[in-house]
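One structure is given below, encoded as structure tokens.
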Amino acid sequence: MKKLLTLIVILFFIGQVSYSQDWDFEKPDYSKIEKNIKDKKSNLYYESLMNRFSKADSTLSLNEKRHLYYGYTFQESYSPYGRSTYEDSLRNVLQEENLAHVDFEKIIAFGDKILRSNPFNLDALNYQLFAFEQTKDQEAFQKKLTQLRTIVDVLMSSGNGKTKEDAFYVIDTSHEYNLLSILGFQFGGSQHLIEHYDYLSVAENNQDIEGFYFDVSPCLNSIIK
């Protein structure tokens, strides 16, 4: 579906702008985040953060965004290897050669169902953006774009992925592949688990980057639990 490329361009733009910046990255302090999101009097209280994210609040600070994303690992609903049954339904619609308005409505509806169980599913958000773009619902489009940018901001703030020391910190392994696309790279076909890092190779590129490191500690911890 060539029209989906318009969304990839959006994501690529977001990623390229962020990736080109020279800033200090911050690794998530999970123990500190766990403590902060339990304080009902704090602006970092998790229920309040998720409420604001659900409403596509664009005023969330980076610190609040980081507590939202990484704090999700301490919620009962966190299941990094879980998979919604609606993902197959969504995929079936996307495989249609010619999509009608009713199909775009299905994409939006299935996306909503997926996001109820995994609010940070970037693929679902991406496809919903596509559907809202096609139906010319600019208000809904902007809300979804705000949510997507919230997640991307967090991921890009955690590292640059070039070494284990500067790894990207993700709470879902699918976000590794999302990040590659956002940054304009293609998966090179090789994935290795090194300690608590995933290493993904990338296809030949003009930056001579061979691959990226992703810290997947919460995902591995969920398996142990």
(request) List the steps and the verdict of salt bridge (Lys or Arg N to Asp or Glu O under 4.0 Å) for Glu210 and Lys162. (result) CA-CA 9 Å; Glu210 296 183 357; Lys162 293 182 178 179; over 6 Å; no

(message) Determine whether Tyr78 and Ile171 satisfy the following criterion, side chain to side chain contact (heavy atoms under 4.5 Å, CB included), listing intermediate values before the conclusion.
(response) CA-CA 9 Å; Tyr78 176 61; Ile171 65 171; 3.9 Å; yes

(request) Evaluate the criterion side chain to side chain contact (heavy atoms under 4.5 Å, CB included) for residue pair Glu176 and Val216; output intermediate values, then yes/no. (result) CA-CA 9 Å; Glu176 301 171 11; Val216 292; 3.1 Å; yes

(message) Run Ile37 and Glu47 through side chain to side chain contact (heavy atoms under 4.5 Å, CB included) and show every step you take.
(response) CA-CA 8 Å; Ile37 62 174; Glu47 186 175 337; over 6 Å; no

(request) Test side chain to side chain contact (heavy atoms under 4.5 Å, CB included) on Tyr45 and Lys38 and set out the steps. (result) CA-CA 6 Å; Tyr45 180 53; Lys38 293 179 180 178; 5.8 Å; no

(request) Determine, stepwise, if the pair Tyr46 / Phe74 fulfils ring pair (Phe, Tyr, Trp, His ring centres under 6.0 Å). (result) CA-CA 10 Å; Tyr46 199 78; Phe74 302 106; 9.0 Å; no

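With sequence neighbours left out, the side-chain hydrogen bond (donor to acceptor under 3.5 Å, both in side chains) criterion links Ser217 to His196, Asp215. Contacts of Tyr69 classified as side-chain hydrogen bond (donor to acceptor under 3.5 Å, both in side chains), with partners at least two apart in sequence or in another chain: His175. Every side-chain hydrogen bond (donor to acceptor under 3.5 Å, both in side chains) that Arg52 has, sequence neighbours left out, goes to Asp57, Thr59, Glu64. In terms of the salt bridge (Lys or Arg N to Asp or Glu O under 4.0 Å) criterion, residue partners of Lys143 (sequence neighbours excluded) are, by chain and number, Glu139. For Asp88, the side-chain contact (heavy atoms from CB on, under 4.5 Å) partners are Arg83, Arg91, not counting sequence neighbours. Phe53 pairs by the ring pair (Phe, Tyr, Trp, His ring centres under 6.0 Å) definition with Phe120, not counting sequence neighbours. Ser174 is linked by a side-chain contact (heavy atoms from CB on, under 4.5 Å) to Asp172, Asn178, counting only residues two or more places apart in sequence or in another chain. With sequence neighbours excluded, no residue forms a side-chain hydrogen bond (donor to acceptor under 3.5 Å, both in side chains) with Asn121. Partners of Glu105 according to the salt bridge (Lys or Arg N to Asp or Glu O under 4.0 Å) rule, which considers only residues two or more places apart in sequence or in another chain, do not exist here.
With side-chain heavy atoms closer than 4.5 Å counting as contact, directly or through intermediates, the hydrophobic cluster containing Tyr199 also holds Ile194, Tyr197, Tyr213. Grouped with Val102 in a hydrophobic cluster is no other residue, since no side-chain heavy-atom contact under 4.5 Å to another Ile, Leu, Val, Met, Phe, Trp or Tyr is found.
To the nearest 0.5 angstrom, Leu129 atom CG is 11.0 Å from Asp137 atom CG. In this structure, Gln128 CD and Leu115 CG are separated by 5.0 Å, a value rounded to the nearest 0.5 Å. Atom OG of Ser61 and atom CG of Leu68 lie 10.5 Å apart (nearest 0.5 Å). Taken to the nearest 0.5 Å, the CD1 atom of Ile108 stands 13.5 Å off from the NZ atom of Lys113. Note: Asn63 CG to Leu44 CG = 5.5 Å, rounded to the nearest 0.5 Å. Rounding to the nearest 0.5 Å places CD of Glu133 at 10.5 Å from CG of Leu145.
In this structure, the side chain of Ser158 engages the main chain of Tyr169 through a donor-acceptor pair within 3.5 Å. Checked by atom type and distance alone, the side chain of Arg66 never pairs as donor or acceptor with a backbone atom of Leu155 at under 3.5 Å. Remark: side-chain polar atoms of Ser42 are not paired, donor with acceptor, to backbone N or O of Asp39 under 3.5 angstrom. At distances below 3.5 Å, at least one donor-acceptor pair connects side-chain atoms of Asn205 with backbone N or O atoms of Ile209. Checking side-chain atoms of Tyr177 against main-chain N and O of Leu200 turns up no donor-acceptor pair under 3.5 Å. The backbone N or O of Ser190 lies less than 3.5 Å from a partner atom in the side chain of Ser201, making a donor-acceptor pair.
Side-chain contact check for Leu179 versus Met156: some heavy-atom pair is nearer than 4.5 Å. Between Pro80 and Thr173, the closest side-chain pair of non-hydrogen atoms is not below 4.5 Å. For the pair Phe132/Gln142, no side-chain contact is recorded, criterion being any heavy-atom separation below 4.5 Å from C-beta on. The closest side-chain heavy-atom distance from Ser84 to Phe110 is not below 4.5 Å.
Residue pairs meeting the salt bridge (charged side-chain N to carboxylate O under 4.0 Å, His left out) criterion with at least one member in residues 188-208, sequence neighbours excluded, are Lys164-Glu195.
In this structure, Tyr86 is a member of the same hydrophobic cluster as Val93, with clusters built from ILVMFWY side-chain heavy atoms closer than 4.5 Å.
The side chain to side chain contact (heavy atoms under 4.5 Å, CB included) test with Leu148 is passed by exactly one of Val152, Thr146, Thr150: Val152.
Relative ring orientation between Tyr30 and Tyr70 is described as perpendicular, the plane-to-plane angle rising above 60° on a 0-90° scale split at 30° and 60°. Aromatic ring orientation, Phe212 versus Phe168: tilted (interplanar angle from 30° to 60°).
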